[in-house]
Amino acid sequence: MKKIYKSIISGMALILTLGACSDYLNQVPQDILDFERLFETRDKTLNYLASVYTYMPDEFYQRSPGDGQWNQGPSGVWTAGCNEAEYVWGTNASNLLNTGSLTPDTDIVKKYWGKWYKGIRTATTFMDNLHLCNKLSPGDYEQWHAEARAVRAIYYYYLLRIYGPLPIIEESISEQSSIGELQIPRNSVEEVVNYILDELDEAINNGLLPNVKTGNPTASDKGLGHIDQAVAKAFKVQVRMLAASDLFNGSNSYFASLENPDGKKLFPSYSEAEKKALWAAAAKEAKEFIDNYIGKGYDLTRIYTDGKLDPYLSYREAVRGYKSEFTNFTGSTSAIEMVWYIQRTYAPWEQYSRTPKHFGVNIGWIQASGVLGASQEIVDAYFMANGKKPITGYQSDNKTPMINSESGHTDTGLSEEDYLDPVTGRVFAPKGVTKAWTNREPRFYADITFDGQKWLYDGQGDIYTSTQYSGNSGMSQGATNDYTKTGYIVRKSAPLEDWNANNRAYILMRVAQLYLDYAEALNESDPGNSDVLKYLNLIRERAGIPGYGTAAGQVPVPSDMRQAIRDERRVELAFENVYYFDSRRWCIAEQTESTPIHGMDIRKDGEEFFVRTLVEDRSFEKKNYFFPIPNKDINISRALVQNPGW
């Protein structure tokens, strides 16, 4: 493993020659002139630690992918960069993925690579120099050093899932190093995975706090926002899930021949038994998190109305992340389900994208753009109220649905009465909408804004969103490109009142994902284990739909449990920047991302609107499973081989 981290003494010299050339070789911040002053007090040292965290993804800012709010951690292209959604703005970088226009010189390709390597550099610089502070309290050094180590490992995880195997850069070399010594090859998938896991274990065993939720969560130095053992263990699950999946375990033949100039293979050649063992390790890791932390500040969010579980509110609130409720671990807020999240995010930009235009409504804060349109394909993925899939696939035109006759789904015609929440009686779908939007599961109504649906804020009277051509949020009102291209708008994480409100954190991982991780890994390593159904059904129970089983009221156990788990992940984690990576690690993106996406006919009004219509043809090639390495770094290090196809 090649390691070349710059020390403080030699760093400023090297920056003069390499700083402008390569983000990942530029190891010392250009604005730090006096390291000792940065560590002269405990508060300054704590502030420096905070800067280590600033490269965490800022996914509330997807309107401008790669930048991140305040130019810190990058935001992703993941929601509209897969078949979940589409931005109407042609300038959004997700369009580069959808049209196959990405190149090694594309801005986001350089920004993700560069920013996370800068984060790695910042973490290492902090670790190398923490000893300079002589004002630390007992335990500070161990805790903060471990946090920086864990953050650095997490940045490598984010790089790995986008670019594949990459260089691990860790140690110092002198300023007299030759150009030859700076020719840094990529480490193999196995080496990168093991490095991340080892670093997280090192942090867990040597300084990370056990569980800040059960400690002093409001403390600035030891409270929420600091990576603790629970968060580190949750990231270990994510790393193991990647390692076990087909894209990384050697099953994808397209990448099998990728090697360094010296002939070193970068992807493994595991036997089927070894692949199964990887899944078993992931399942074990996930179960350890569940056993150690569920009931200790972690659980699924559950809200009760009139003494009954309210699935709609429970699921909707699980992703809200109100900063004012961070320390409320009673189970009725998102705080108990949040595993990792970003507090410094600026929520209004994403809320603006998910709040409809509502032209003509005299309440300014519920008038926005609604530019993030959910696809017909994700709409079709949500279950019926009876827990069954409404649509099992599409005919050869990739548009006409194959309806599951057992589901009770009707794809045409308009409803003649309100469809009500069976628990509370709230109106889920008002009379007059297409029948395709009635009798669906509660998650559908929490996640999708459709034509004719009542908007979330009703403090000054009911407001109904219309995405038809002449509607208040339709194309005819969106001359400034403030409308949805699909006739649907992503509702998940939309504000309940003012789109400009900023009492929000962006949740990057929650308990529901870890339950589904466990079910998936266990099914791959030990199919038939009763825990597979147990944890899958915990998700379905909270969602308000029947679980799988043989008891009265349950849905028959699927013959294809792998697909059932994937279907559940697709819905439960929709619009949470998960499906983009799921479709790639499962190696199914060649099917899911190379077919067109559809929606309603937004150029029509009335019944003509309710017609499945092509929104965009999309392109996906095998090379698109990974981003390319930026050209500028390939040009600096000839030992740094490019990903296949680029």
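Every heavy atom of this structure was used, including side-chain atoms; hydrogens, water molecules and symmetry mates were not.
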Within the 3.5 Å criterion, strictly below it, is a donor on Tyr322 or Arg504 matched to an acceptor on the partner's side chain? no

So, Tyr469 and Asp601: side-chain donor and acceptor under 3.5 Å apart, yes or no?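 Side chains of Tyr469 and Asp601: no pair found under 3.5 Å.
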
Dump the intermediate steps for ring-ring contact (aromatic ring centres under 6.0 Å, His included) on Tyr341 and Phe326, then the final yes or no. CA-CA 11 Å; Tyr341 48 90; Phe326 271 2; 5.2 Å; yes

Does anything in [range] pair up under salt bridge (Lys or Arg N to Asp or Glu O under 4.0 Å), and if so which pairs, sequence neighbours excluded?
{"range": "residues 308-322", "value": "Asp310-Arg426"}
{"range": "residues 553-564", "value": "Glu524-Arg562"}
{"range": "residues 462-473", "value": "Lys454-Asp462"}
{"range": "residues 347-365", "value": "Glu350-Arg354, Lys357-Asp482"}

For the ring pair (Phe, Tyr, Trp, His ring centres under 6.0 Å) test, which of Tyr158, Phe581, Phe575 pairs with Trp78?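 Per the ring pair (Phe, Tyr, Trp, His ring centres under 6.0 Å) rule, the option paired with Trp78 is Phe581, out of Tyr158, Phe581, Phe575.
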
How about [X] and [Y]: are their ring centroids closer than 6.0 Å?
{"X": "Trp437", "Y": "Phe610", "answer": "yes"}
{"X": "Tyr488", "Y": "Phe450", "answer": "no"}
{"X": "Trp349", "Y": "Phe60", "answer": "no"}
{"X": "Tyr298", "Y": "Phe289", "answer": "yes"}

How about Asp291: does its CG atom have over 12 heavy atoms from other parts shown lying under 6.0 Å from it? yes

NZ of Lys287: more than 12 outside heavy atoms within 6.0 angstrom? yes

Hits for ring pair (Phe, Tyr, Trp, His ring centres under 6.0 Å) against Tyr579, two or more places apart or cross-chain, chain-then-number order -> none

Using the six-membered ring wherever Trp is involved, compare the ring planes of Tyr419 and Phe428 and label them parallel, tilted or perpendicular (cut-offs 30° and 60°).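 Geometry flag for Phe428 against Tyr419: tilted rings.
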
Can you spot which of Glu337, Gln238, Glu576 makes a side chain to side chain donor-acceptor pair (under 3.5 Å) with Gln513?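 In the set Glu337, Gln238, Glu576, the residue that makes a side chain to side chain donor-acceptor pair (under 3.5 Å) with Gln513 is Gln238.
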
Per the side chain to side chain donor-acceptor pair (under 3.5 Å) rule, what does the pair list look like for residues 403-414, sequence neighbours excluded? His409-Asp411, Asp411-Arg612

Does Arg344 qualify as a cation-pi partner of Tyr53, given the criterion of NZ or CZ under 6.0 Å from the six-membered ring centre and within 45 degrees of its axis?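 Here Arg344 fails the 6.0 Å and 45° test against Tyr53.
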
When rounded to the nearest 0.5 angstrom, what is the spacing between CD in Glu377 and NE2 in His598?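 Nearest 0.5 Å value for the CD-NE2 distance: 6.0 Å.
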
Out of Asn523, Ile539, Leu522, which residue meets the side chain to side chain contact (heavy atoms under 4.5 Å, CB included) rule with Ile565?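 For Ile565, the side chain to side chain contact (heavy atoms under 4.5 Å, CB included) check succeeds only for Asn523.
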
Evaluate Glu572 against Arg542 for salt bridge (Lys or Arg N to Asp or Glu O under 4.0 Å), listing each step before the verdict. CA-CA 10 Å; Glu572 175 69 26; Arg542 199 269 297 274; 3.1 Å; yes

Intermediate values then yes/no, side-chain contact (heavy atoms from CB on, under 4.5 Å), Leu456 and Arg491: CA-CA 9 Å; Leu456 294 164; Arg491 194 180 186 93; 3.5 Å; yes

